[in-house]
Visitor: 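Starting off with a structure, shown below.
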Amino acid sequence: MPAGERKDPFKNFRFLVEIDGITQAGFREVTIPDTAQDPIEYREGNEPITVRKLPGLIKYGNVTLKWGITDSLDLYNWRKEVEDGKIKDARKSIAIVIWDDEGNPVTRWEFSQAWPTKYDAPDLNATANEIAIETLEIAHEGMKRTQ
């Protein structure tokens, strides 16, 4: 980048979610989860009096999708597949992509072995002036940023 050229961060409202075999027009909100690894403290009796810290198991938070309800049952049926005990068939790959202002993909996170753990139907209120929102929480077994 030439000296003095400014590089602005990407906006968080231009994104796309890709789910194997499911076509959904768009989402209102997507939560990209965290990843954490707790240290394991270990010490043997003949070592200095400081504990060693070894990396423990890697934990991934869940992906959360929120969207305005439509007549599409694709995401609900995906959750129903898990409820019906068909978890092997329900596991999918997911990608979350951020676009730049020109519509080019600039950032991408990929999630493996993903399956929906929770579905939340919209709350309804006859005096409100809002869109009915569905929510799906998705567990997965691996997350990587590829772009």
Side-chain angles (χ1 to χ4, degrees), residues 1-70 72-123 130-147:
M1 171 171 30
E5 186 177 327
R6 191 169 117 175
K7 192 166 188 170
D8 290 333
F10 303 119
K11 299 171 179 81
N12 74 345
F13 57 82
R14 292 186 51 95
F15 60 89
L16 171 72
V17 178
E18 300 170 354
I19 303 173
D20 287 343
I22 295 178
T23 304
Q24 182 83 18
F27 294 92
R28 173 184 173 155
E29 186 177 327
V30 174
T31 302
I32 299 172
D34 60 351
T35 176
Q37 192 167 13
D38 293 330
I40 300 169
E41 293 185 351
Y42 181 77
R43 182 182 173 276
E44 293 177 355
N46 63 345
E47 294 181 334
I49 59 172
T50 305
V51 277
R52 285 190 272 162
K53 300 210 179 201
L54 307 171
L57 297 174
I58 299 171
K59 301 176 192 174
Y60 299 104
N62 292 342
V63 174
T64 303
L65 307 177
K66 294 183 180 186
W67 69 97
I69 190 169
T70 66
S72 172
L73 292 173
D74 289 346
L75 292 171
Y76 175 80
N77 287 339
W78 184 28
R79 172 62 190 144
K80 188 75 172 112
E81 201 173 14
V82 174
E83 290 176 357
D84 293 342
K86 300 175 186 170
I87 185 67
K88 185 177 179 181
D89 298 332
R91 292 181 182 271
K92 299 188 180 297
S93 295
I94 295 178
I96 300 170
V97 183
I98 294 179
W99 295 339
D100 64 13
D101 291 334
E102 287 79 39
N104 301 308
V106 291
T107 304
R108 180 182 183 93
W109 290 268
E110 295 177 349
F111 304 88
S112 59
Q113 299 294 313
W115 56 276
T117 64
K118 181 180 179 182
Y119 167 80
D120 188 14
D123 296 327
E130 301 170 354
I131 300 295
I133 301 294
E134 288 180 288
T135 304
L136 193 67
E137 193 169 317
I138 303 168
H140 61 93
E141 296 179 7
M143 169 180 149
K144 64 181 176 179
R145 183 172 169 185
T146 60
Q147 186 175 8

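Atoms considered below: every heavy atom in the structure, side chains included; atoms not considered: hydrogens, waters and symmetry mates.
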Visitor: Side chains of Y119 and E83, heavy atoms from C-beta outward: is any pair under 4.5 Å?
Guide: no
Visitor: Please give me the minimum heavy-atom distance between A114 and I94, naming the atom from each residue.
Guide: CB-CD1, 3.6 Å
Visitor: Heavy-atom count check: over 12 atoms from other residues, nucleotides or ligands less than 6.0 Å from L54 CG?
Guide: yes
Visitor: Quick one: does L75's side chain get under 4.5 Å of I19's, heavy atoms only?
Guide: yes
Visitor: For salt bridge (charged side-chain N to carboxylate O under 4.0 Å, His left out), just list the numbers for K118 and D120, CA-CA rounded to whole Å, side-chain angles, deciding distance to a tenth of an Å, and then say yes or no.
Guide: CA-CA 7 Å; K118 181 180 179 182; D120 188 14; 5.8 Å; no
Visitor: Could you tell me whether D123 atom CG has more than 12 heavy atoms of other residues or ligands within 6.0 Å of it?
Guide: no
Visitor: Calculate, to the nearest 0.5 Å, the distance between atoms CH2 and CG belonging to W99 and L16 respectively.
Guide: 5.0 Å
Visitor: Any salt bridge linking D101 with K11? Criterion: basic side-chain nitrogen under 4.0 Å from a carboxylate oxygen.
Guide: yes
Visitor: I need the minimum non-hydrogen distance between P105 and V97, along with the two atoms involved.
Guide: CB-CG1, 3.6 Å
Visitor: Give the ring-plane orientation class for Y60 versus H140, where under 30° counts as parallel, over 60° as perpendicular and anything between as tilted.
Guide: tilted
Visitor: Between I133 and R28, which heavy-atom pair has the shortest distance, and what is it?
Guide: CD1-NH1, 3.4 Å
Visitor: Taking all non-hydrogen atoms of both residues into account, name the closest pair between G68 and I131 and its distance.
Guide: CA-CG2, 3.8 Å
Visitor: Spell out, as yes or no, whether a donor-acceptor pair under 3.5 Å connects the side chain of D84 to the backbone of K86.
Guide: no
Visitor: What I want to find out is whether R52 reaches E41 closely enough, with some N-O distance under 4.0 Å, to be called a salt bridge.
Guide: no
Visitor: Could you tell me the separation between the CD atom of E102 and the CZ atom of R14, rounded to the nearest 0.5 Å?
Guide: 8.5 Å
Visitor: Checking R108 side chain against Q147 main chain: does a donor-acceptor pair fall under 3.5 Å?
Guide: no
Visitor: Other residues, nucleotides and ligands only: do more than 12 of their heavy atoms fall within 6.0 Å of CZ on R43?
Guide: yes
Visitor: Can you say whether the rings of W67 and F27 are parallel (under 30°), tilted (30 to 60°) or perpendicular (over 60°)?
Guide: perpendicular
Visitor: Can you name the closest pair of heavy atoms from M143 and W109 and give their distance?
Guide: CE-CD1, 4.1 Å
Visitor: Quick one: closest heavy-atom pair of A139 and N62, and the distance?
Guide: CA-OD1, 3.4 Å
Visitor: To the nearest 0.5 Å, tell me how far D38 CG sits from L57 CG.
Guide: 8.5 Å
Visitor: Compare all side-chain heavy atoms of I138 with those of F111 and state whether any distance is below 4.5 angstrom.
Guide: no
Visitor: Could you state the interatomic distance from CD (E134) to CZ (R79), rounded to the nearest 0.5 Å?
Guide: 13.5 Å
Visitor: Any donor-acceptor pair under 3.5 Å linking the side chain of Q37 with the backbone of G56?
Guide: yes
Visitor: Would you confirm whether R91, through its side chain, and W115, through its main-chain N or O, come within 3.5 Å as a donor-acceptor pair?
Guide: no
Visitor: For the pair N77 (side chain) and L73 (backbone), establish whether a donor and an acceptor sit closer than 3.5 Å, ignoring hydrogens and angles.
Guide: yes
